[in-house]
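Treat the numbers as computed from the prediction; the structure is a model and nothing was measured. Atom set for the values below is all heavy atoms of this structure, side chains included, hydrogens, waters and symmetry mates excluded.
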Amino acid sequence: MTSWPPSGSEGAPAGAYDLLHPGVQKWVYEKGWRRLRDAQEKATGPILAGDTDVIVAAATAGGKTEAAWLPICSALLAEDDRHGQRTRGVRALYLSPLKALINDQHQRLEDLCAGLGVPVHPWHGDVAAAHKSRALTDPDGVLLITPESVEALFVNRGSQVAKLFGNLRYIVVDEMHSFLGTERGAQLQSLLHRIELAIRRRVPRVGLSATLGDFTAAAEFLRPGAGARVEIVQSAEAGTQISLQVKGYTFTAPDPALGRSSRRGDQNAAAIAAHLFGTLRGANNLVFANSRRDVETYTDLLNRLCADAGVPQEFVPHHGGLSKELREQVESRLKANSAPVTAVCTSTLEMGVDIGAVASVAQIGAPAGVAALRQRLGRSGRRDGSDAVLRVYVSEPEPTGHATPADRLRTELFHTCAVIEMLLGGRYELPDPGSPHLSTLVQQILSVAAQHGGVAARQLHGALCAHGPFTTVDQATFAELLRTMGQHELLMQDADGRLLPGSRGEELINHYGFFTAFHTRAEFRLVAGGETIGSMPVDPSIMAGSLLVFAGRRWKVLNVEDRQRVIELTAAAGGQAPRFLGGGGPEVTDAVRQAMRGLYLSEDVPRYLDRAARRLFQEGRDAFHQQGHAESRIFTWGGETLIYPWRGDRIMTTLTILLAGQGLEVAATGPALTVQSRTPDRIHDVLQQLAAMPHPDPLELARAAADKRHDKYDEYLSQDLLDRAYAARALDVPGAWESLLEIAR
DNA sequence: GACCTGCTGCGGCGTG
C-alpha cells in the first residue's frame with residue numbers, strides 16, 4: 001500500500017487503495033492498516049464504478065463492512081468534489097435484519113464517516129421519533145434502517161419518499177443470506193424495487209454475507225431478473241481455523257408403559273450443564289440452545305451450580321422474549337470484557353453484533369441448519385487469530401428393553417454430524433426460488449395502495465409483478481388475489497376503478513403490526529417490581545400461584561391481568577421455564593437427510609467426536625446395518641410399518657399426502673414415515689404403483705393437505721391461492737418421485 | 001418438543 005500523504009508511488013500498479021478518495025485513504029492510513037484485506041481490494045473497483053450490483057462474500061471478520069463503505073464513501077466524496085458542494089438527501093441506504101446490528105454498525109461507520117463529513121443516521125423502532133423527524137426535514141448522508149421501517153416510510157410518508165431518496169447512490173443489504181427465500185426477503189426486494197420506482201432510477205445494490213450457498217441464487221435475489229449481471233466478489237482469505245468437538249450424552253429412555261415423562265430432558269440437561277459449568281467458567285462464551293425455554297432452563301441450572309460452588313453467577317440469558325434493557329445489559333457485559341460472562345441464547349446473538357472476544361461457542365442439540373451453525377461459530381475466534389472453538393452437545397437414549405429400533409439409529413447425532421460435514425464442505429442451504437410469497441404480496445398491495453391513496457390494478461401488477469420481484473405471479477393469479485382481497489374487504493374500488501384500502505385493509509394498515517411480513521403473536525408482558533422484564537405468548541396454564549423461571553431468575557405469579565395482558569411476578573424459590581408455544585422447528589433440508597444416510601453408509605468415523613459420541617456413532621451405524629437400512633427402506637415394528645426415505649421434510653410431507661390419498665393412515669415422525677397396521681408387502685405394492693404413475697399436479701396434492709395456513713396474510717387467500725402457496729412452499733413432487741423409486745426398488 | 005427477526009402515532013404527564 002502507498003503511504004499517505006501520497007509520495008513517490010508513480011509507476012506502481014494501481015491497487016484499490018490508490019482508487020480511494022484521499023479523505024478515505026487518510027482514514028485507512030491513520031488506522032495503521034498495512035494493507036487492505038482481500039475482499040476490500042477486490043470490491044473497491046466494482047463498487048466505486050457505481051454502475052453494477054455487487055455481492056461481497058467473505059468469512060466473518062473478513063472486512064466486509066469496510067469493503068463496502070470505503071468505496072461508497074469515496075464515490076460520495078468524489079461526487080461532492082465534482083459539484084464543489086455537499087449533495088443533500090440520503091445518498092446511501094443500509095438495510096439490516098437486526099436493530100442491534102444497526103446500532104453496532106452505527107458506531108463503526110461513525111468512526112469512518114465523522115472525519116469525512118458524511119452524517120450517519122440509525123433508523124429503527126427504538127430510535128427516538130425526534131431523531132427521525134430531524135432526519136426527514138433535512139435528509140443527508142447514510143441511513144441505516146430495517147425493512148420494516150422502510151415499509152413504515154412508504155405507508156406513513158409515501159409522498160416524501162421520492163424527495164428523501166432523490167439523490168440515492170447506493171443500497172447495501174447486510175447479512176443477505178438471512179433474507180433469501182423468506183417472506184421478509186420478498187418484502188425487502190419489493191421495497192428496493194419501490195424505491196427505484198419512486199425515484200425513476202436504478203440504484204446499485206451491494207449485498208454482504210459470509211454464508212451464501214449459491215451465488216447464482218443470491219445474485220438473482222439481489223437483482224431479480226438480472227442476476228447474471230451481478231458482480232461476485234469472493235474473498236480468497238481463509239476463515240479462522242475451527243476447533244470442533246461433538247460430545248455425546250445418554251439417558252435412560254422412559255418406559256413407554258409408564259407414559260410420557262419429562263425426566264428425559266432433566267437428566268440430559270443436568271449432565272450437560274455440569275460440563276458447561278466446568279469448561280466455560282472464567283471466560284466469555286456463547287451457549288446456543290434451540291428454544292427460549294431451553295435457554296431459561298440451562299441458565300437456571302448453571303446459576304444453581306454457581307450458587308452451590310459459592311462462586312459469582314456469570315451465566316445470563318438472552319432471547320427475543322426478554323426486555324430490550326435486559327438484552328442490552330447482556331450485550332454490553334459481553335463487549336466490556338471486564339468480568340467473565342457466558343450468554344445462554346437463542347439465535348438472537350447469531351448474527352453481526354460484534355460482541356468482542358468470545359472464547360468458545362457451545363451448541364445444545366442438533367443445529368438448525370448449516371448457515372446458522374456457521375454464523376454461530378463465527379462469533380468465536382474473531383480478534384486475535386485464535387481458533388474458533390465449538391462444542392456441540394448431543395443426547396441419545398440409552399438402549400434398554402424399551403428402546404425402539406429408531407432410538408438405536410442415533411439420528412440426533414447423525415443429524416448433527418451431517419450438518420457439520422456440510423459446514424466443513426461449505427455447503428450452505430440453497431434458497432427456494434419457487435415460492436410466490438403471496439402473503440407478502442398481499443401486504444405489498446395494501447402498502448402501495450396506502451402509499452398513493454389508491455392505485456389502478458394494471459399499475460399495481462406492473463409495479464410489483466411484471467417488473468417487480470413477484471415475477472412468478474401472472475395476471476390471472478394477480479386478478480384472483482385482488483378479488484379475494486376485495487371479498488375480505490382489504491380492498492375496495494372507487495368510481496374510477498382505482499383500488500383503495502377497504503375497511504379491514506384500513507384496520508390492518510393503521511396497526512403498527514402491519515410493517516412486518518412475518519407473524520407476530522399476542523403476548524403477555526411480564527412485570528416484576530414495576531419493571532418489565534420481558535414477554536411471553538399467551539398461555540392459559542399460567543395463573544396466580546404458578547412458578548416460573550424467566551430472565552435467569554425464579555418467580556411466582558402474583559396476578560394475571562387478562563385485559564391488559566400483564567403477568568405480575570415476585571421472586572420465589574422454584575419453578576419451570578415457560579413454554580413459548582407456537583411455530584414449528586426449522587425445516588430439515590433434503591441435503592442434510594441425504595448426508596445422514598451417506599454417513600451411515602460410509603466407513604469413516606468423524607474425528608471431532610468425543611469418546612461417548614464415537615461409541616454412539618458406532619452403535620448408530622451398526623444398528624443401521626443390522627436393521628437392514630442399507631438394503632431396504634421399509635420395516636415393521638410393533639404393528640406399525642416404518643418407511644425410511646432419508647429425504648428432506650418437503651419430500652416427507654409430499655409422501656405423507658400421497659400415501660394418505662391411497663387410504664393409508666400415515667404420519668411423518670423425524671426421518672421416518674409411520675404407517676398404521678399394514679403389512680410391508682402391501683405398502684411396497686402401493687409405493688410401486690405410485691412410482692409407476694405420472695407425477696400429479698402439486699396443486700392437486702395441496703388440495704388434500706390439512707393445515708395449510710402458514711404465513712401472516714395467508715388467511716386472506718382464496719382456497720385456490722392458498723393451495724398454490726402451499727404447493728410451492730411445502731411440497732416437492734419430483735423429489736418425492738425420486739424417493740418413491742428408491743424405496744420401491 | 002422444537003428459532004428468530006420487527007413496529008407508529010398520539011395523548012398524557014412532568015420538567016426546564
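Applying the salt bridge (charged side-chain N to carboxylate O under 4.0 Å, His left out) test to pairs two or more places apart or on separate chains, those with a residue in residues 315-324 of chain A are A/K324-A/E328. Among residue pairs with one or both ends in residues 179-192 of chain A, those qualifying as side-chain hydrogen bond (donor to acceptor under 3.5 Å, both in side chains) are A/E148-A/R184, A/E151-A/Q187, A/E183-A/H437, A/E183-A/T440, A/S190-A/Q444; sequence neighbours excluded.
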Polar atoms only, N or O, under 3.5 Å: list the protein pairs with nucleotides 6-13 of chain B and their distances.
{"unit_1": "B/dG6", "atom_1": "OP1", "unit_2": "A/K99", "atom_2": "N", "d": "2.3"}
{"unit_1": "B/dG6", "atom_1": "O3'", "unit_2": "A/T146", "atom_2": "OG1", "d": "3.3"}
{"unit_1": "B/dC7", "atom_1": "OP1", "unit_2": "A/G125", "atom_2": "N", "d": "3.3"}
{"unit_1": "B/dC7", "atom_1": "OP1", "unit_2": "A/T146", "atom_2": "OG1", "d": "2.5"}
{"unit_1": "B/dC7", "atom_1": "OP1", "unit_2": "A/S149", "atom_2": "OG", "d": "2.6"}
{"unit_1": "B/dC7", "atom_1": "OP2", "unit_2": "A/G125", "atom_2": "N", "d": "2.9"}
{"unit_1": "B/dC7", "atom_1": "O2", "unit_2": "A/Y512", "atom_2": "O", "d": "2.8"}
{"unit_1": "B/dC7", "atom_1": "O2", "unit_2": "A/G513", "atom_2": "N", "d": "3.3"}
{"unit_1": "B/dT8", "atom_1": "O3'", "unit_2": "A/N156", "atom_2": "ND2", "d": "3.1"}

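Listed by chain and residue number, A/D610 satisfy the salt bridge (Lys or Arg N to Asp or Glu O under 4.0 Å) test with A/K247 (two or more places apart in sequence, or in another chain). Annotation: salt bridge (Lys or Arg N to Asp or Glu O under 4.0 Å) contacts of A/E506 (sequence neighbours excluded): none. Partners of A/D711 under the salt bridge (Lys or Arg N to Asp or Glu O under 4.0 Å) rule, at least two apart in sequence or in another chain, are A/R729. The side-chain hydrogen bond (donor to acceptor under 3.5 Å, both in side chains) search around A/S178 returns none, not counting sequence neighbours. Scanning for salt bridge (Lys or Arg N to Asp or Glu O under 4.0 Å) contacts around A/R647 gives A/D590, A/E738, A/E742, with sequence neighbours left out.
Distance A/H415 NE2 to B/dG1 C1': 15 Å, rounded to the nearest Å. For A/H319 and B/dC4, the NE2 to P distance is 8 Å, given to the nearest whole Å. The nearest whole Å value for the distance from the CG atom in A/D294 to the C1' atom in B/dA2 is 9 Å. Atom-to-atom, CD of A/Q363 to C1' of B/dC4 comes out at 14 Å; the value is rounded to the nearest Å. Residue A/L101 contributes atom CG, which lies 14 Å from atom C1' of B/dC4 at whole-angstrom precision. Rounded to a whole Å, the CD1 atom of A/I102 is 14 Å from the P atom of B/dT5. Following rounding to the nearest Å, A/Q375 (CD) and B/dC4 (P) show an atom-to-atom distance of 17 Å. As rounded to whole Å, 14 Å separates atom P of B/dA2 from atom CD of A/E296.
Taking the ring centre of A/Y428 as origin, the terminal cationic atom of A/R374 falls outside the region bounded by 6.0 Å and 45° from the ring axis.
At distances below 3.5 Å, not a single donor-acceptor pair connects side-chain atoms of A/Q363 with backbone N or O atoms of A/V287.
Listed by residue number, the members of residues 437-445 of chain A with any heavy atom below 4.0 angstrom from DNA chain B form an empty set.
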